[in-house]
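Sequence lines set the chain letters: A, B, ... in the order given, protein chains first and strands last, and positions in each chain run from 1.
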Amino acid sequence: MTDTTPRPVRTRFAPSPTGSLHIGGLRTALFNWLYARRHGGKFVLRIEDTDQKRYEPQSLEELMEALRWAGLQWDEGPDIGGDYGPYIQSERRELYQKWANWLLDNDKAYRAYETPEELEQMRKEQLARKQPPGYNRQHRTLSEAECAAFEAEGRIPVIRLKMPLEGNTVIEDAIRGRVVFENATLQDMVLLKADGLPTYHLAHVLDDHFMEISHVMRAVEWLPSLPVHWQLWLAFGWEPPIYAHLPVILNPDGKGKLSKRKPPKDKHGNPIPVMVHDFMKAGYLPEALCNFLANIGWNFGDDREFFYINEAIDRFELDRINEANSTFPTEKLEWLNGMHIRELPVEALAARLRAPLEAAGLIVDSDLLLKVTPLVQTRIKTLSEVVGLAGFFFKPEFTPASAEAIIQKKMDAAATAQALVRSREILAGVDDFSTQALHDAIQPLTSDLGLNNSQLFGLLRVAVTGQTISTPTFETMEIIGKAETLHRIDMALALLPA
RNA sequence: GGCCCCAUCGUCUAGCGGUCUAGGACGUCACCCUUUCAAGGUGAAGACACGAGUUCGAGUCUCGUUGGGGUCACCA
């Protein structure tokens with residue numbers, strides 16, 4: 001394998017359109033993309049829609065949308081075409097049938113006439129007898145006449161691969177090394193289904209061959225069927241690609257791999273998104289998600305974990321991929337997302353904050369948003385958190401906090417009211433409503449009233465923002481302006497019992 | 001259960017026979033800064049699953065045990 005002439009690098013991501021993109025799928029796509037970019041190769045998007053039962057028409061669009069959002073542009077694919085198309089398997093069925101027949105003609109495969117029900121029955125009996133379930137190869141040696149008899153019954157055959165019955169299948173995996181399978185334990189897998197469409201096994205080998213895919217990077221769950229695929233390459237007599245089986249992402253709380261079926265929860269019991277679209281909606285940045293995904297099962301080197309994906313291209317190699325599965329490190333995603341938010345230029349962050357604010361029903365003025373953005377930049381970990389922290393800036397009507405929220409620690413209503421009144425007097429006299437000037441004007445009042453900064457600034461904060469956790473007080477006053485600030489203090493005063 | 005893969009701090013990881021009294025990051029805790037919340041700074045606790053080998057020497061190689069994961073479809 002290693003001494004074959006290197007081929008141009010062509011990798012592919014081949015999802016089946018059974019729903020929108022899974023986060024684990026995005027990582028597989030990312031690694032394939034990274035490898036292609038690293039080696040100046042091509043990254044191909046292929047749709048594996050040979051299972052009509054599970055096909056969801058919406059998902060092709062969603063899949064592509066998620067990939068584009070993440071910045072993983074493909075060089076060939078169903079929407080943009082390419083020299084190796086079509087890129088949707090259901091449009092390639094003649095190819096699969098042609099080569100399935102070739103296998104038949106060359107004694108590498110055979111027709112089997114059992115119905116799904118009969119196979120199911122066989123499995124049940126095997127299980128009942130505590131035998132390993134599997135096809136018993138009954139039809140592997142059928143005569144012409146026997147086949148004709150089944151056909152006469154109206155049975156439609158599937159085509160199964162004639163696996164070697166003894167010996168080993170030995171394969172070199174690019175990240176796991178030598179993997180050995182005993183042929184006697186392997187199955188004669190179905191290659192072409194009764195509906196004339198291929199199974200994954202046949203389809204991917206044929207497509208990867210004709211699309212000249214050089215490296216197949218896929219999740220480890222494919223490893224058990226690798227020997228079948230390998231025997232197919234051997235049967236065809238074609239040069240196999242280099243296989244690399246990636247570790248999977250495990251559920252952080254319970255056991256098993258991350259799955260949308262069993263929604264995972266973090267240690268606080270909050271649900272963790274699994275689908276890429278959920279991450280989009282939750283306010284994660286694509287650059288943060290890619291950065292995060294690249295850190296699972298691979299590492300940048302230099303002890304660096306924060307990076308932009310373009311920086312990873314130069315360093316991405318298969319031998320740096322960790323073969324162990326890993327659980328989904330939620331807190332790290334939060335941290336990385338916060339990091340990427342903080343690194344964004346203010347204008348860029350403001351632009352991204354618009355969507356979640358508008359989704360919350362707020363009217364977003366661009367100038368105002370630009371002023372508010374720096375105040376939230378170090379305080380949010382996801383874009384959607386802007387709504388809770390600074391949504392009040394964009395509400396048409398100000399909603400004051402409760403009296404008890406305004407009253408600070410070790411203070412009562414009277415003292416609070418007094419502080420508000422005195423503050424109002426001072427603020428009314430300030431012409432330059434800037435953060436610094438406001439701070440300087442109010443500061444002396446703390447000692448006059450025998451309060452500390454926390455108390456005085458705190459009650460002003462709650463009066464002016466309506467929240468106990470908010471953007472900084474004086475910065476907020478500067479943005480909303482003098483009239484509004486005084487108005488809100490009046491509202492607070494009205495709330496306090498006399 | 002058969003087969004296959006995997007195994008370093010709670011988590012993500014570095015480590016590719018000696019430089020490991022095991023490094024980094026997230027998280028946690030403490031302190032500093034501080035008008036809330038963050039951010040930032042400083043510091044602390046915290047791991048080579050176990051047992052045999054190989055070797056002058058093992059986190060690093062081999063085998064076994066244990067544990068975890070995956071897979072056993074006319075789904076991918």
Side-chain angles (χ1 to χ4, degrees), chain A residues 14-18 48-51 53-54 112 114-116 119-120 123 127 130-135 156-160 173 176 179-182 184-187 189-195 197-201 203-204 218-227 245 247-248 250 252 255-257 267 292 295-306 319-320 322-336 338-339 342 375-381 389 408 439 442-443 446 452-462 465 467-475:
Chain A
S16 61
T18 54
E48 311 224 329
D49 63 340
T50 56
D51 183 2
K53 293 185 218 68
R54 298 204 309 162
E114 292 90 349
T115 62
L119 292 171
E120 184 52 35
R123 262 191 294 275
L127 253 15
K130 302 218 181 209
Q131 290 177 332
Y135 178 57
I156 300 167
V158 298
I159 295 177
R160 286 183 183 268
D173 181 275
R176 278 154 219 281
V179 188
V180 181
F181 298 86
E182 212 179 318
T185 66
L186 270 17
Q187 299 273 310
M189 300 302 286
V190 171
L191 301 178
L192 200 73
K193 301 182 273 185
D195 64 6
L197 285 169
T199 57
Y200 172 82
H201 310 299
H204 107 265
R218 44 142 68 159
V220 256
E221 48 249 40
W222 288 110
L223 200 51
S225 53
L226 217 209
H245 288 86
V248 295
L250 268 22
K255 305 290 184 186
K257 56 179 179 177
K267 61 182 179 185
F292 169 76
N295 274 324
I296 307 175
W298 181 79
N299 83 86
F300 192 82
D302 297 348
D303 284 337
R304 259 231 280 166
E305 296 193 20
F306 174 88
D319 58 14
R320 289 193 66 77
N322 183 174
E323 48 275 89
N325 292 164
S326 58
T327 55
F328 193 91
T330 320
E331 295 99 338
K332 231 160 189 169
L333 207 212
E334 299 286 307
W335 168 69
L336 276 174
M339 289 284 282
R342 274 168 255 140
L375 305 189
V376 302
Q377 189 154 23
T378 60
R379 287 170 235 267
I380 55 175
K381 285 198 158 60
L389 187 68
Q408 298 295 297
H439 182 273
I442 290 290
Q443 180 68 74
T446 55
N452 57 39
N453 286 352
S454 178
Q455 291 171 307
L456 181 59
F457 297 177
L459 83 236
L460 285 170
R461 164 199 328 290
V462 182
T465 68
Q467 304 175 175
T468 52
I469 295 174
S470 74
T471 48
T473 305
F474 299 116
E475 279 85 346

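- Atom-to-atom distance recorded for A:F300:CZ and A:R320:CZ is 10.0 Å, nearest 0.5 angstrom.
- For B:A76, the OP1/OP2 oxygens have no side-chain nitrogen or oxygen of A:R54 closer than 4.0 Å.
- Listed nucleotides B:C74, B:A38, B:U36 differ in distance to A:S454; the shortest reach to its side chain belongs to B:U36.
- Atoms CE (A:M189) and P (B:U71) sit 13 Å apart, rounded to a whole Å.
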Scan nucleotides 19-21 of chain B against the protein and return all N/O pairs shorter than 3.5 Å with their distances rounded to 0.1 Å.
none

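- Smallest separation of non-hydrogen atoms from A:K193 and A:P198: CE-O, 3.4 Å.
- Ring geometry, A:F457 versus A:F474: the interplanar angle exceeds 60°, so the pair is classed perpendicular (tilted spans 30 to 60°).
- The partner of B:G1, taking Watson-Crick or G-U wobble pairs whose two distances both stay under 3.5 Å, is B:C72.
- Spacing of P atoms, B:A39 relative to B:G1, comes out at 46 Å, to the nearest Å.
- If you check every strand for non-hydrogen atoms under 4.0 Å, A:V190 touches sugar and phosphate atoms only.
- The distance from atom CG of A:D51 to atom P of B:A76 is 5 Å, rounded to the nearest whole Å.
- At the heavy-atom level, A:T50 lies under 4.0 Å from the strands shown only through sugar-phosphate atoms.
- Within the 4.0 angstrom heavy-atom criterion, no nucleotide atom of any strand lies near A:K130.
- Under the 3.5 Å distance criterion, with hydrogens and angles disregarded, no donor-acceptor pair is assigned to the side chains of A:N299 and A:E305.
- The nearest whole Å value for the distance from the NE2 atom in A:H204 to the C1' atom in B:C75 is 15 Å.
- Here CG of A:D51 is found 11.0 Å from OG1 of A:T199. Values are rounded to the nearest 0.5 Å.
- Note on A:L119: a base of the nucleic acid sits closer than 4.0 angstrom, heavy atoms only.
- Separating the CZ atom of A:R342 from the C1' atom of B:G41 is a distance of 14 Å, rounded to the nearest angstrom.
- Across the interface with RNA chain B, nearest-nucleotide mapping of A:K257 and A:A194 shows A:K257 to be the residue nearer the 5′ end.
- Listed by chain and number, the residues in a salt bridge (Lys or Arg N to Asp or Glu O under 4.0 Å) with A:E114 amount to none (sequence neighbours excluded).
- When heavy atoms are screened at a 4.0 angstrom cut-off, A:V462 is found touching no nucleic acid atom at all.
- In this structure, the separation between CG on A:N452 and CD on A:Q408 is 9.0 Å, given to the nearest 0.5 Å.
- Taking atom C1' on both nucleotides, B:A14 is separated from B:C48 by 13 Å, rounded to a whole Å.
- Listed candidates were B:U35, B:C26, B:C74. Nearest to the side chain of A:E331 is B:C26.
- Rounded to the nearest Å, the gap between the P atom of B:U55 and that of B:C4 is 29 Å.
- Residue contacts for A:E475: at a heavy-atom cut-off of 4.0 Å it reaches a base atom on one of the strands shown.
- Taking atom OH of residue A:Y135 and atom C1' of nucleotide B:C74, one finds them 12 Å apart after rounding to whole Å.
- Spacing between B:G53 and B:A76 at atom C1', rounded to whole Å, works out to 43 Å.
- In this structure, CG in A:L119 is found 7.0 Å from OH in A:Y135, a value given to the nearest 0.5 Å.
- Atom-to-atom, CG of A:L456 to C1' of B:U36 comes out at 13 Å; the value is rounded to the nearest Å.
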Are there any protein N/O atoms within less than 3.5 Å of an N/O atom in nucleotides 12-14 of chain B, and if so, which ones and at what distance?
residue	atom	partner	partner atom	Å
B:C12	OP1	A:T327	N	2.8
B:C12	OP1	A:T327	OG1	3.1
B:C12	O2'	A:N295	O	3.0
B:C12	O2	A:K332	NZ	2.7
B:U13	OP1	A:G297	N	2.7
B:A14	OP1	A:N299	ND2	2.9

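- Across all strands shown, B:G59 forms no Watson-Crick or G-U wobble pair with both key distances under 3.5 Å.
- Of all heavy-atom pairs spanning A:E323 and A:P247, the tightest one is O-CB, 3.9 Å.
- Of the candidates B:A76, B:C74, B:C26, B:C26 carries the atom nearest the A:W335 side chain, counting heavy atoms from C-beta on.
- The same atom, C1', is picked in B:G24 and in B:A47; the two are 14 Å apart, to the nearest Å.
- Pairing of B:A39, defined by two Watson-Crick or G-U wobble distances under 3.5 Å, is not identified with any nucleotide.
- Residue A:L191 contributes atom CG, which lies 12 Å from atom P of B:A76 at whole-angstrom precision.
- Nucleic acid contact class of A:R304 (heavy atoms, under 4.0 Å, all strands): none.
- In the set B:A73, B:C5, B:C4, B:C5 carries the atom at the smallest distance from any side-chain atom of A:V220.
- For A:R379, taking side-chain heavy atoms from C-beta onward, the closest of the listed nucleotides B:A38, B:C37, B:C5 is B:C37.
- On the P atoms, B:U71 is 43 Å away from B:A30, given to the nearest whole Å.
- Listed nucleotides B:A39, B:G70, B:A76 differ in distance to A:T378; the shortest reach to its side chain belongs to B:A39.
- In this structure, A:Y200 and A:H204 have parallel ring planes: the angle between them is below the 30° cut-off, well short of the 60° mark.
- Taking NE2 of A:H245 as the reference point, atom CZ of A:R218 lies at 4.0 Å (rounded to 0.5 Å).
- Of all nucleotides listed (B:C5, B:G70, B:C75), B:C5 comes nearest to the side chain of A:L223.
- Map A:T471 and A:L333 each onto its nearest nucleotide of RNA chain B; the residue landing nearer the 5' end is A:L333.
- Rounded to the nearest 0.5 angstrom, A:K332 NZ and A:M339 CE are separated by 11.5 Å.
- In terms of phosphate contacts, A:K381 brings a side-chain nitrogen or oxygen within less than 4.0 Å of OP1 or OP2 of B:A39.
- Relative to the side chain of A:R176, the nucleotides B:C74, B:G40, B:C6 differ in distance, and B:C6 lies closest.
- For B:A44, the paired nucleotide is B:U28, the pair qualifying as Watson-Crick or G-U wobble because both relevant distances are below 3.5 Å.
- Out of B:U36, B:U71, B:A76, the shortest distance to the side chain of A:P472 is found at B:U36.
- For A:Y200, counting side-chain heavy atoms from C-beta on, the closest listed nucleotide (B:C74, B:A76, B:U35) is B:A76.
- Comparing the P positions of B:C12 and B:U54 gives a spacing of 34 Å, expressed to the nearest Å.
- Backbone-only engagement by A:S16 is indicated by non-hydrogen atom pairs under 4.0 Å involving sugar-phosphate atoms exclusively.
- Atom CD in A:E120 sits about 13 Å away from atom P in B:C75, given to the nearest Å.
- When Watson-Crick and G-U wobble pairs are counted only if both distances are under 3.5 Å, B:A7 pairs with B:U66.
- B:G41 sits 8 Å from B:C33 when the C1' atoms are compared, rounded to a whole Å.
- Here B:U54 sits opposite no nucleotide as a Watson-Crick or G-U wobble pair (both hydrogen-bonding atom distances under 3.5 Å).
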